[in-house]
Amino acid sequence: MAAMCSPPQNSVVPNDRGLFDPFGLDGFDEKNLPSVKGSVKNHCCEKACVDVKTDLLNCGACGHKCGYGKLCCDGDCISVVTNRKNCGMCGNKCNGKERCCNGKCVNKSTDPLNCGKCGHKCGYGEICCEGHCINVMTDKNNCGMCDNKCEDKERCCQGKCINKRTDPLNCGKCGHKCGYGEVCCEGQCINVRTDKENCGTCDNKCKHREMCCNGKCVNKRTDPLNCGTCGHKCEENESCCKRKCVNLNTNKKHCGGCHKKCKKDDVCEFGMCNYA
C-alpha cells in the first residue's frame, strides 16, 4: 500500500510570529503543500493526497482542472480525442501516417469514415483513396480499387476496366449488353451473321455484290448454298444462276453453264444445245 500523505516532519521551533509550527508549514499554501516522497499520490491538495500527473481536478498543480474531453497525462491536460501521442488514452501513440480522430488512430488516406479529415465519411460504393472519397465502380484512375488505372481507351464499368468499343456487356456505355449473335463493333451491337460491314467479325466488309450469310460473305447470284437468299440451297444437280437454282443439263438459258443460252428452236440435253 502506498504511504499515507502527510506533511514533512521538522523540529518544533517557533515561527516568525512567535508561534510554534510543529509541521514546518509556515509560509506554505494549504492548497499546494509539498510532495511526500514514496507515495503515488504524492501531492497534498485541499487536504487530500493526489497524483498531479493523472488527477483531472489537480493536473500538474493543485486546482488545475482539465476540461471536457481531456485527460491528465503526465501533468498536462490533453485532448485524447485528437492528440496523436495520447489517442483515446494517455500514452497511446498513433503510427507515422495515422491521425487521432475521435479517440482512435486512423489513416486519413484510406479510412472511409475519416477520409481526408476526421469525420468525413465516404458514400455508398466509395472508398478512401489518398484522402479522397472515390467511386471505384466508375473512376478510371481507381477502378475496383485505389490506384488501379484503366488504359487510354478503357472505361471503368462496375469496378472493371473495359473497352466500350468492343465489350459486348458494356457496348457504347456501361451496362449495355449486346443480344444473341451480336458483337460489339465500335461501340455498337452488330449482328455479324448478317451485317455486310461486319460479316463474321468486326470490320470484315463484304464485296460489292456479296451479302453476309451466317457470318460469311457470299454471292447470292451464284452461291448454290445461298441462292437468291441466305440459306436457300440448290439441289444436287442444280447450279445458282442469277439467284435461281437451275439444271445446267436441261435449262435452255443456262445450258452447260450460267448464261449459256441455246437458240430458239434448240433443246438443251446433257448440258449441250441440240445434243444428237
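Quick note: numbers below take in every heavy atom, side chains included, and nothing from hydrogens, waters or symmetry partners.
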Counting C-beta onward and ignoring hydrogens, is there a side-chain heavy-atom pair between [X] and [Y] closer than 4.5 Å?
X    : Y    : value
K164 : I162 : yes
T201 : D203 : no
L71  : I78  : no
I190 : V183 : no
D74  : K53  : yes

Would you confirm whether [X], through its side chain, and [Y], through its main-chain N or O, come within 3.5 Å as a donor-acceptor pair?
X    : Y    : answer
K252 : D266 : yes
H232 : N226 : no
R84  : E98  : yes
H176 : C171 : yes
H254 : H259 : yes
N141 : K149 : no

Answer yes or no for [X] and [Y]: SG-SG distance under 2.5 Å.
X    : Y    : answer
C73  : C90  : yes
C240 : C227 : yes
C178 : C189 : yes
C129 : C146 : yes
C87  : C94  : no

Counting heavy atoms not belonging to [X], are there more than 12 under 6.0 Å from its [atom1]?
X    : atom1 : answer
K160 : NZ    : no
N135 : CG    : yes
E182 : CD    : yes
K261 : NZ    : no
K85  : NZ    : no

What's the spacing between [X] [atom1] and [Y] [atom2] if we round to 0.5 Å?
X    : Y    : atom1 : atom2 : value
R193 : C213 : CZ    : SG    : 10.5 Å
R155 : N170 : CZ    : CG    : 12.5 Å
D111 : I127 : CG    : CD1   : 12.0 Å
E130 : S109 : CD    : OG    : 5.5 Å
C245 : K233 : SG    : NZ    : 11.5 Å
C206 : K216 : SG    : NZ    : 12.5 Å

Over all atoms of both residues, closest heavy-atom pair of [X] and [Y]:
X    : Y    : value
L169 : D167 : N-OD1, 2.8 Å
G144 : C156 : N-SG, 4.4 Å
K153 : N163 : O-OD1, 3.8 Å
C230 : C212 : SG-O, 3.7 Å
C217 : N204 : SG-ND2, 4.4 Å
T82  : C100 : O-CB, 3.3 Å

Using the side chain to side chain donor-acceptor pair (under 3.5 Å) criterion, which residues pair with D195? Sequence neighbours excluded. N198
Report the C-alpha separation of E126 and I134 in whole Å, then their side-chain angles, then the decisive distance to 0.1 Å, and conclude whether the side-chain contact (heavy atoms from CB on, under 4.5 Å) test is met. CA-CA 5 Å; E126 293 180 331; I134 300 294; 5.9 Å; no
Do you see a donor-acceptor pair shorter than 3.5 Å between the side chains of R209 and N219?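 The answer is no; no qualifying pair exists.
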Hey, mind stepping through C241 and C258 against disulfide (SG to SG under 2.5 Å) and telling me if it holds? CA-CA 5 Å; C241 297; C258 290; 1.8 Å; yes
Evaluate disulfide (SG to SG under 2.5 Å) for C174 paired with C157, printing each intermediate quantity in order. CA-CA 5 Å; C174 291; C157 292; 1.9 Å; yes
C62 vs C45, test: disulfide (SG to SG under 2.5 Å). Steps then yes/no. CA-CA 5 Å; C62 291; C45 298; 1.8 Å; yes
Looking at residues at least two apart in the chain, or sitting in another chain, which of them share a salt bridge (Lys or Arg N to Asp or Glu O under 4.0 Å) with R165? E186
What's the verdict on disulfide (SG to SG under 2.5 Å) for C72 and C77, showing C-alpha distance, side-chain angles and the deciding distance? CA-CA 5 Å; C72 186; C77 288; 5.6 Å; no
